[in-house]
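Comments concern the structure below.
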Amino acid sequence: MERGLNATREADFANWYQAVVREADLAETSPVRGAMIIKPWGYGIWELIQGELDRRIKATGHQNVYFPLLIPLSFFAKEATHVEGFAKEMAVVTHHRLAVIDGQLTVDPEAKLEEPLVVRPTSETIIGDAFHRWVRSYRDLPLLINQWANIVRWEMRTRLFLRTSEFLWQEGHTAHADREDALAETLRMLEVYRDVAERCLAMPVVTGEKPENERFPGADATYSIEAMMQDGKALQAATSHYLGTSFAEAQNIRYQSETGELRLCHTTSWGITTRLIGGVIMTHGDDDGLRLPPMIAPQQIVIVPILRDRPEDAEVLAYAEGLAAELSGVDAFRQPVRALVDKRPGRSADKRWDWVRRGPPIIVEVGPRDVAAGQVTSIRRDRLWGENERIASTGAPRSEFIAGAAALLAEIQSGLYAEAKARLDGNIRADIRSFDELAAYFGPAAEDDDANEPFKGWVRCTWSKPSGAELDVVEQRLKSLKLTIRNAPLVQPTALGPCLFTGKPGVEEILVARAY
RNA sequence: CGGGGCGUGGCGCAGCUUGGUAGCGCGUCUGCUUUGGGAGCAGAAGGUCCCCGGUUCAAGUCCGGGCGCCCCGACCA
């Protein structure tokens, strides 16, 4: 059976991932090392994710703003932990002009900036500077803002969508009167992320708190949503941080309380990035290419007219366009159905495979026979293969297809979620009680570059939640198995066994996994 | 930034060990045929063999130095 890709998940997951990105026409590498070109189909997915999330961000009382790309270097000196975390990956602007010297276009040495500017790796510092001016009284709180932006983090090793030097994201920044309110905000936005991931991306996640060593630089607490990819690895799909008063202290963000005292604000920040698209690929993709959840598919129903250079072509095309127009009048997920007629020249079979790789949920083929019978022949991308290793197609009367389109899209959306949810739930082992058992399950760290390791899921186990040097020891032991602590799930059991690492009384359960 | 692998028409690759006219598959273009599940035949276009230097009568091939990509590690969303 010929598949849509010449790479499989089974044989080489990393190679398969790259093949999907390329063949689904999502993105490509650029002349700039580590930075990607997001192509229309990939950017269309991002725009839909943005739309869903932006609506929720506003519904929870936040307003959008825009802060500068370039941040004075001195701003980063204010919060020690924060600088430490980002110092090694910052792009720095030092000059403001070019000049032709000896016939060479070069940086003008005469045009050196007095203070270097860094390209934002995140905006806590420059937004905090504004918060300092914006917050005067308890009446100004909570201050709830968000920005959609690009950021740069100079990465050593990049992979399209998953880790690039420049990426797109949303960063929310808020200031609150007290810890309780700020912590509630942190968890509220974590829940928004869970909802978008699960409802829109059909990507089930586990919400939880990151261990101390995995916190955002400068944060008091970091929460994440973690998703399981088809190779069993975890992907941190979003983070939400309770920053305590450390940024408020560093940047003097204070307010006068009702009783007249000057108090420090408690701040939060939270973000999701274009990495989510990588998560969608690795959650739903198959050996024929991408499979898109309908809610984030730039086109939900792609209609391929079967044109044969015959007089009836005009009729077929008209039928296809009429179908698309009528589908656009149908609502799915409270929005008009996105339907496209692929009028490009070429054989319909080639065009069909092109769309299989790109992953719209429904592909319709319309030929003279459909026109004559007043019917629609459709393929479900989530159930591509039928009997006899042939692509499965279904015929239905045109009116019936249109009437059922929204329900079919909803069914595909929930079906993809259910499939991913079963994989997540079915691959978290909770029966491992000792480090030896953990080592036995994950096996020795691969000493060679075997790209095709057997599937390993996650382990949910109990630990004593050590900190400092004791935590370092745990981290190192896990590292020997190429494992990391993903998070401590928010939903915890009432009774706990002993710590897997130390045998001490357990404090909480954590998820341990290999990760992106 | 360390270890390994790889850079050859748009894409995927062979050729390199043992130097001697640049190849294959897919795609593209033209024509004819075909026509509802990845078409057939015939013809055509398309390559500074990543870059710079060296050895040689002769370098895709050998040597040196760069750059880029991929995998593993360190770092990270």
Side-chain angles (χ1 to χ4, degrees), chain A residues 1-7 12-15 17-19 22-23 28-34 84-89 121-122 151-171 193 210 214 216-217 222 224-226 234-241 270-279 288 304-310 312-313 316 345-357 363 365-373 377 379 384-386 388-393 395 445-453 479-480 482 484 515-516:
Chain A
M1 166 169 64
E2 268 190 284
R3 309 300 300 251
L5 303 178
N6 53 18
D12 186 343
F13 197 79
N15 188 40
Y17 176 82
Q18 290 179 81
R22 184 178 60 243
E23 298 299 324
E28 61 188 39
T29 53
S30 74
V32 181
R33 185 186 159 83
E84 249 175 67
F86 288 107
K88 285 164 294 190
E89 47 187 48
T122 179
I151 61 178
V152 169
R153 295 180 186 175
W154 214 263
E155 294 291 343
M156 286 305 187
R157 186 176 161 199
T158 58
R159 307 181 77 174
L160 292 178
F161 290 114
L162 297 175
R163 175 161 293 107
T164 47
S165 297
E166 179 184 6
F167 56 91
L168 306 182
W169 79 344
Q170 151 282 126
E171 50 179 324
Y193 290 149
K210 286 282 189 187
E214 301 272 353
F216 176 75
T222 288
S224 73
I225 57 174
E226 302 281 334
L235 181 79
Q236 178 175 303
T239 48
S240 185
H241 316 289
W270 27 273
I272 60 107
T273 78
T274 34
R275 170 180 252 201
L276 280 181
I277 295 172
D288 296 301
V304 177
I306 296 168
L307 305 174
R308 303 183 301 169
D309 288 327
R310 301 239 171 121
E312 63 263 32
D313 280 3
V316 170
R347 298 177 58 80
S348 56
D350 293 336
K351 291 201 279 183
R352 179 184 60 247
W353 278 102
D354 187 42
W355 287 111
V356 165
R357 285 186 276 264
I363 300 166
E365 288 182 303
V366 166
R369 291 213 295 264
D370 297 301
V371 176
T377 305
I379 296 165
L384 192 63
W385 298 99
N388 309 321
E389 300 191 342
R390 293 170 75 89
I391 287 182
S393 64
E447 57 291 328
D448 52 18
D449 55 341
D450 182 13
N452 186 25
E453 288 187 53
K479 198 173 179 178
S480 70
K482 299 207 281 191
T484 52
Y516 278 95

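Lettering follows sequence order; numbering is per chain, from 1.
- Nucleic acid contact for A:Ile272: none, since no nucleic acid atom lies under 4.0 Å from a heavy atom of the residue.
- Residue-level contact check: A:Thr484 touches neither bases nor backbone, having no heavy atom under 4.0 Å from any strand.
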B/S/- contact track for nucleotides 30-37 of chain B, protein heavy atom under 4.0 Å: -----BBB
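- Partners of A:Thr377 according to the side-chain hydrogen bond (donor to acceptor under 3.5 Å, both in side chains) rule, which considers only residues two or more places apart in sequence or in another chain, are A:Asp370.
- Rounded to the nearest Å, the gap between the P atom of B:rG5 and that of B:rA14 is 15 Å.
- Using a 4.0 Å heavy-atom distance criterion, A:Gly271 is classed as making no nucleic acid contact.
- One P atom belongs to B:rG19, the other to B:rC57, and the distance between them is 15 Å to the nearest Å.
- Comparing the same atom, P, in B:rG53 and in B:rG15 gives a spacing of 28 Å after rounding to whole Å.
- Pair assignment for B:rA22 gives none, since no Watson-Crick or G-U wobble pairing has each distance under 3.5 Å.
- Scored by the side-chain hydrogen bond (donor to acceptor under 3.5 Å, both in side chains) test, A:Ser348 finds no partners at all (sequence neighbours excluded).
- Across the C1' atoms, B:rC41 and B:rU35 are found 16 Å apart, a figure rounded to whole Å.
- A:Lys351 and A:Gly346 make their closest contact through CE-O, 3.9 Å (heavy atoms, listed as atom of the first residue, atom of the second, distance).
- Comparing the C1' positions of B:rG60 and B:rG37 gives a spacing of 42 Å, expressed to the nearest Å.
- Taking A:Glu214 as the reference, nothing meets the salt bridge (charged side-chain N to carboxylate O under 4.0 Å, His left out) condition, with sequence neighbours excluded.
- Nucleotide B:rA42 has B:rU30 as its partner under the Watson-Crick or G-U criteria, with both atom distances under 3.5 Å.
- Residues meeting the side-chain hydrogen bond (donor to acceptor under 3.5 Å, both in side chains) test with A:Glu166, sequence neighbours left out: A:Asn150.
- Taking the side-chain hydrogen bond (donor to acceptor under 3.5 Å, both in side chains) definition, one finds that A:Ser224 meets it with A:Glu226, A:Asn487, sequence neighbours left out.
- Side-chain nitrogen and oxygen atoms of A:Lys88 include none within less than 4.0 Å of the OP1 or OP2 phosphate oxygen of B:rA74.
- Among the protein residues, A:Thr273 comes within range of the nucleic acid bases, having at least one heavy atom under 4.0 Å from a base atom.
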CA sep, side-chain torsions, deciding dist, call: A:Trp385, A:Ile391, side-chain contact (heavy atoms from CB on, under 4.5 Å): CA-CA 5 Å; A:Trp385 298 99; A:Ile391 287 182; 3.9 Å; yes
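- For A:Lys482 and B:rG73, the shortest distance from a side-chain N or O to OP1 or OP2 is below 4.0 Å.
- When the P atom is used for both B:rU17 and B:rA59, the distance is 14 Å, rounded to whole Å.
- Regarding contacts with the backbone of B:rC71, a side-chain N or O of A:Arg159 is found under 4.0 angstrom from either OP1 or OP2.
- Shown here, B:rU56 forms no base pair; nothing in the strands shown gives a Watson-Crick or G-U wobble contact with both key distances under 3.5 Å.
- Going from the C1' atom of B:rC13 to that of B:rG7 covers 12 Å, rounded to whole Å.
- Of the listed residues (A:Leu276, A:Ile225, A:Thr239), just one forms a side-chain contact (heavy atoms from CB on, under 4.5 Å) with A:Tyr193, and that residue is A:Ile225.
- For the P atom pair drawn from B:rU28 and B:rC63, the interatomic distance equals 39 Å after rounding to whole Å.
- Taking a pair to require two hydrogen-bonding distances under 3.5 Å in either a Watson-Crick or a G-U wobble arrangement, B:rG2 pairs with B:rC72.
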